[in-house]
There are 2 protein chains.
Amino acid sequence: MRELKARPVSNGKRAEIKEQRVLAIVKAARDVLIRDGYRGLTMRAVAENCEISVGHVTYHFPRKLDLLEELFERVFDEYLVEFDRIRAKARDDSRVELEETIRFVFSDLGTRETTVFFPEIWALANHEPAAARFVERIYVSERRAFAEIIGRIHPHLSADKIKILALYLSATVEGHTMFVGHRKSLARRRNEAEDLVVASMLDVLDRAAAEA
Amino acid sequence: MRELKARPVSNGKRAEIKEQRVLAIVKAARDVLIRDGYRGLTMRAVAENCEISVGHVTYHFPRKLDLLEELFERVFDEYLVEFDRIRAKARDDSRVELEETIRFVFSDLGTRETTVFFPEIWALANHEPAAARFVERIYVSERRAFAEIIGRIHPHLSADKIKILALYLSATVEGHTMFVGHRKSLARRRNEAEDLVVASMLDVLDRAAAEA
DNA sequence: CAGAAACTAGGACATCTGTCCTAGTTCATG
DNA sequence: CATGAACTAGGACAGATGTCCTAGTTTCTG
């Protein structure tokens, strides 16, 4: 999981200070969520984590949901940057590109932050519309990035077929989080699993192309 | 997700009544967890859901954690029955057996209960050792069931290779939960995804066997 | 059928939670 | 440099939560 960054501001120094403060609060919220789960994500825990008062947190985020949505927005932005980077990087060899993309997602999923953050959000998505929207947006972006690479590998595949293949890849990679993620029981076999996913996916694509 | 069943008791009528009551409480806990998430799983919500008093719930389960562990135990038992059934069912054609097994897991993951319950537990596993143990046990069982079928399809594959293939299958299938689970945005493509997983998995196995 | 063990309800309690409010402080800006 | 908008702290509040306790009731068992 990428580090949260400050957003560009252009309304003077005041706005800049505010952005710093908001960023610190959002970072603290993310840290608490990862450390203690959504259960432990309280306004007080956030306040303590960035050494300000509770009143100060509620000044910037009157509702807890406001803070949560801001957190989602910023995490989404960071992943979007990454997915756009992936999409922009059209290599000579699209197969290598796919391989590198899969390896990137695997290395991300091996971090403590991602291993904890995403299952938390998947669960939250079942009860919190804001979380559901976040999950939807981030995986639409991921699948789009995957789909473009698949399309370059096998240009004659239908858009629809590419979509289902991108879903397969996304589900396969994300599904490894619970098993080979940070400190998970099969974490030591993460690289093997990664290799298997890379090799299998290329085969699955070739098979789909051969059928079409 | 299977329905929770009463456990056999043989200590007389008292024990039987107790089992009925405990079962009702555990069922209520499961229902609340699925309806409102772990966040909403309170002793009071459980009590209301089976129309008894809070004191009555805490009589049977002094700590909330006790109730949670009992819930895990019983859900695990139900899945274990299913996995054992799968293992016992050695068909003529092991490929068909694998296909049916994958289709079983997919149909389970399409239920509302499983779609909500498992992400909740994956998240909880990061912060609650009891949940982590539950997740570990249930997926060890799942992988064992998968591994046995794979071993029958390609008997000359090494036990280690089979393990990583079973992990791949488990991660791939479970990973679909967030995307094609009950009411998820791609739920209408669940069958297509299922077909793709079945076909791909057989190819992946053949490829692994050819390499060895 | 008597007695004890198990059951059940309802409330009490301290703690925690989101939210709100008031009162001071800071500092960019006109 | 004055000034007001933005910032900050701390506390207050009602409601919720896990846990505990006491006092009755039921019903199996000897």
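Here is the naming used below: chain letters follow the sequence lines, and residue numbers restart at 1 for every chain. Atom set for the values below is all heavy atoms of this structure, side chains included, hydrogens, waters and symmetry mates excluded.
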#### Entry: Sugar-phosphate only, base, or nothing, as touched by B/Leu41 at under 4.0 Å among non-hydrogen atoms
sugar-phosphate
## Note on the structure
When rounded to whole Å, the CD1 to P distance for the pair A/Ile25 and D/dA9 reads 10 Å
### Minimum-distance nucleotide (side-chain atoms of B/Tyr59 versus C/dG18, D/dT19, C/dA6)
C/dA6
### Message
In this structure, how many angstroms lie between the P atom of D/dT19 and the CG atom of B/Leu68, rounded?
### Response
11 Å
### Task
Could you tell me the separation between the CD atom of A/Glu48 and the C1' atom of D/dA9, rounded to a whole number of Å?
15 Å
## Note on the structure
DNA chain C nearest-nucleotide lookup for A/Gly40 and A/Gly55: closer to the 5′ end is A/Gly40
### Message
So, does B/Arg21 get its side chain near the phosphate of C/dT8, meaning an N or O under 4.0 Å from OP1 or OP2?
### Response
yes
### Message
Less than 4.0 angstrom between a side-chain N/O of A/His60 and OP1 or OP2 of D/dT8, yes or no?
### Response
yes
### Query
Of the nucleotides D/dA12, C/dC7, D/dG18, which has the atom closest to the A/Arg44 side chain?
D/dA12
### Task
To the nearest Å, give me how far apart NZ (B/Lys18) and C1' (D/dT27) are.
16 Å
### Query
For B/Thr114, does its backbone N or O pair with a side-chain atom of B/Thr111 as donor and acceptor, under 3.5 Å?
yes
### Query
Taking atom P of C/dT25 as reference, at what distance in whole Å does atom NE2 of A/His56 sit?
16 Å
### Task
State plainly whether the residues B/Lys5 and B/Asp77 are in salt-bridge range, i.e. N to O under 4.0 Å.
no
#### Entry: Nucleotide nearest A/Ile52 (side chain, heavy atoms from C-beta), chosen from D/dA9, D/dT19, C/dT19
D/dA9
### Query
Considering only side-chain heavy atoms of A/Thr42, which listed nucleotide, C/dC7, D/dT8, C/dT17, is closest?
C/dT17
### Query
Checking B/Lys64 against B/Tyr38: charged group under 6.0 Å from the ring centre and within 45 degrees of the axis?
yes
### Query
Near B/Arg2 CZ, under 6.0 Å, is it more than 12 heavy atoms from other residues, nucleotides or ligands?
yes
### Query
With respect to the side chain of A/Ser53, which nucleotide from C/dA9, D/dG10, C/dC7 is positioned closest?
D/dG10
### Task
Take atom NZ of B/Lys64 and atom C1' of D/dC20, then tell me their distance rounded to the nearest Å.
17 Å
### Task
Answer yes or no: side-chain N or O of A/Arg63 and base N or O of C/dG18 forming a donor-acceptor pair under 3.5 Å.
no
### Message
How many whole angstroms separate atom CE of B/Met43 from atom C1' of D/dC20?
### Response
11 Å
### Sugar-phosphate, base or nothing in reach of B/Leu65, heavy atoms under 4.0 Å
nothing
### Task
Return yes if some donor-acceptor pair links the side-chain N/O of B/Thr172 with the main-chain N/O of A/Thr172 below 3.5 Å, else return no.
no
#### Entry: A/Phe61 CZ - C/dC20 C1' separation (whole Å)
18 Å
